[in-house]
Amino acid sequence: MMITTPQPSGNLPDRSIYERRESAVRSYARSMPRQFGKAQGVWMHDDQGGRYLDFLSGCSTLNYGHNHPILKQALLDYIAADGIAHGLDLHTDAKQDFLDTFEEVILKPRGLDHRVMFTGPTGTNAVEAAIKLARKVTGREMVIAFTNGFHGMTLGALACTGNATKRGGAGVPLSHVAHEPYYDYYGPEVDTAELLEQRLADPSSGLDAPAAILVETVQGEGGLNAASAEWLRRIAGIAKAHGALLIVDDIQAGCGRTGTFFSFEDMGFTPDIVTLAKSLSGMGLPFALTLLRPELDQWSPGEHNGTFRGNNHAFVTATAALRHFWSADDFQRDIGRRAALLETRLARIAAEHGFEVRGRGMMRGVNVGSGELAATVTAACFDAGLIIETSGAHDEVIKVLAPLVIDDAVLGAGLDILESKIREAMATDYAVAAE
Ligand SMILES: *Cc1c(COP(=O)(O)O)cnc(C)c1O
């Protein structure tokens with residue numbers, strides 16, 4: 001299968017409004033300078049007749065693709081019936097339906113007795129709630145986060161984020177967080193779980209007793225570093241031994257991205273707190289939540305508040321997605337098959353150029369060793385009709401976040417583009433630079 005997309009030509013409509021009025025903080029629009037109108041399944045369309053295969057999926061907010069017909073119909077029906085639209089944390093038909101379904105389809109079969117806390121609708125809200133609760137319950141201030149971790153842009157979550165550029169925007173000291181080396185930060189020889197254990201056990205290490213250990217099982221923005229189940233189990237054990245709560249930030253890795261609904265399933269530990277957002281609504285609608293063990297539910301009513309703590313439209317699409325994709329095993333089997341295909345293809349690309357494959361499940365990429373090379377490749381992919389982004393400390397990891405519902409053949413066609421654009425880039429500028 002071939003993917004082609006016409007390049008914009010001739011007289012484009014006037015787009016000067018963006019330069020004139022939209023804040024300079026805009027970012028994705030800079031690497032994808034088109035105007036998008038429609039999207040369906042794995043395809044996005046610009047207003048000049050261009051068609052793009054989406055290997056970004058709204059940064060993993062669209063695991064089920066764009067405008068999935070079942071989710072879309074559920075939302076259209078709900079709006080047509082004058083369903084409640086505002087977001088206060090009232091009890092609504094849509095909320096009950098979501099909670100009943102989430103309990104039946106996700107929590108019960110996985111033996112999780114966690115309570116569901118509706119936070120503000122973006123991921124950073126769920127992280128703020130998680131660390132605030134951990135501090136409140138333990139009476140401790142310090143949170144342990146990890147190198148290359150990404151947890152959001154509000155001050156508490158930003159303090160847990162590693163990236164210096166993002167941190168630099170804070171304007172105040174980011175405090176009460178210790179950044180410890182993640183899984184393989186020092187390479188395979190250094191046991192970072194052992195280092196953490198040593199520092200926490202040593203009363204003179206200078207590391208205060210933590211309220212929580214906050215971890216991603218696969219670091220989405222930080223370069224697709226995937227921790228082993230064994231390392232994560234040990235981190236869970238260390239948290240327990242030292243009276244800290246284990247928070248798994250599953251905002252990007254959850255909702256099926258790594259192959260199971262939660263990224264930590266079948267790993268032999270249960271987080272005290274879990275954050276979910278991104279693909280939770282299934283349709284790109286803002287929706288986040290924080291799961292907490294029942295004994296941690298020590299909030300007083302409204303203590304952590306927010307006007308938009310119940311996006312009813314998102315409840316409707318999330319419920320439809322849970323029912324359609326997660327009530328049986330076939331979707332997980334499909335993800336497994338596609339993930340294997342993705343891994344095989346990326347391994348071939350990596351072997352050809354001496355690169356390294358990163359990640360787990362359908363959250364995988366290839367570390368090309370240079371942000372400049374990665375940017376050249378992703379720009380060439382975009383011109384060829386493939387939307388794909390980078391990740392990592394130097395944006396050196398080309399990251400495949402294809403919709404989980406993608407057809408195997410279409411996935412292959414997208415990877416053909418990636419393979420050829422890497423080959424082309426290597427054959428020109430970078431072959432020389434590498435010598
Ligand atoms: C995207 C992301 C966040 C922040 O979510 P926002 O909706 O952008 O606030 C937090 N943690 C992880 C792991 C993420 O990928």
Side-chain angles (χ1 to χ4, degrees), residues 25-28 56-63 87 117-132 134 143-163 165-167 169-170 174 177 179 182-183 212-227 232 246-258 261-264 271 273-291 304 306 308-309 311 314 318 358-365 389-393 395 397 399-401:
V25 80
R26 65 191 185 277
S27 67
Y28 282 105
L56 179 59
S57 303
C59 200
S60 207
T61 60
L62 292 163
N63 283 359
M117 173 181 177
F118 296 107
T119 66
T122 67
T124 199
N125 284 285
V127 172
E128 292 290 343
I131 59 182
K132 192 194 265 191
V143 168
I144 289 179
F146 291 95
T147 50
N148 288 304
F150 180 88
H151 301 286
M153 288 296 106
T154 49
L155 287 181
L158 186 55
C160 301
T161 293
N163 184 293
T165 309
K166 310 283 188 219
R167 294 174 66 83
L174 295 171
V177 176
H179 293 266
Y182 190 68
Y183 171 57
I213 301 182
L214 170 63
V215 67
E216 294 163 271
T217 66
V218 183
Q219 296 186 311
E221 299 305 298
L224 297 180
N225 312 305
L232 289 162
L246 180 72
I247 306 172
V248 170
D249 182 349
D250 234 7
I251 287 171
Q252 189 162 161
C255 300
R257 183 48 65 184
T258 61
F261 186 82
F262 295 109
S263 69
F264 52 82
I273 301 178
V274 182
T275 55
L276 285 176
K278 291 210 162 88
S279 269
L280 184 58
S281 79
M283 240 182 97
L285 298 172
F287 180 23
L289 54 77
T290 302
L291 301 174
H304 186 80
F308 294 106
R309 289 195 302 139
N311 184 341
R358 289 282 187 84
R360 183 154 72 83
M362 286 287 278
M363 189 172 181
R364 250 188 256 259
E389 267 291 335
T390 58
S391 148
D395 296 319
V397 179
K399 167 159 119 166
V400 179
L401 288 178

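Numbering starts at 1 and runs along the sequence shown. Indexing begins at 1, ligand by ligand and atom by atom, following the structure's order.
For ligand 1, one of its N or O atoms has an N or O atom of Phe150 under 3.5 Å away. Between Gly152 and ligand 1, no N or O atom pair is found at a separation short of 3.5 Å.
Protein heavy atom closest to atom 6 (P) of ligand 1, with residue, atom name and distance, is Gly123 N, 3.3 Å. Protein heavy atom in closest approach to atom 11 (N) of ligand 1: Asp249 OD2, 2.7 Å.
Contact annotation for Glu216 and ligand 1: only side-chain heavy atoms (C-beta onward) come within less than 4.0 Å of the ligand.
Distance check: Ile213 CD1 to Ile144 CD1 gives 5.0 Å after rounding to the nearest 0.5 Å. Atom-to-atom distance recorded for Asn311:CG and Leu285:CG is 6.0 Å, nearest 0.5 angstrom.
A side-chain contact (heavy atoms from CB on, under 4.5 Å) with Ser263 is found for one member of Val274, Thr217, Val218, Leu232 and no other, namely Thr217.
Taking the side chain as every heavy atom from C-beta outward, Met363 and Leu401 approach each other to under 4.5 Å. Residues Glu389 and Lys399 have side chains not in contact (no heavy-atom distance under 4.5 Å, counting atoms from C-beta outward). At a threshold of 4.5 Å between non-hydrogen side-chain atoms, the residues Cys160 and Ile131 count as touching.
Remark: ligand 1 atoms within the under-4.0 Å shell around heavy atoms of Thr124 are 4 (C), 5 (O), 6 (P), 9 (O). Applying the 4.0 Å criterion to heavy atoms of Lys278 picks out, from ligand 1, the atoms 1 (C), 2 (C), 3 (C), 14 (C), 15 (O). Of all atoms in ligand 1, listed by their number and element, those nearer than 4.0 Å to a heavy atom of Gln252 are 15 (O).
Proximity of a side-chain donor or acceptor of His179 to a complementary backbone N or O of Ala159 within less than 3.5 Å is detected.
When distances from atom 15 (O) of ligand 1 to the protein are checked, a heavy atom turns up under 4.0 Å.
At a 4.0 Å cut-off, not a single heavy atom of Glu221 sits close enough to ligand 1 to count as contact.
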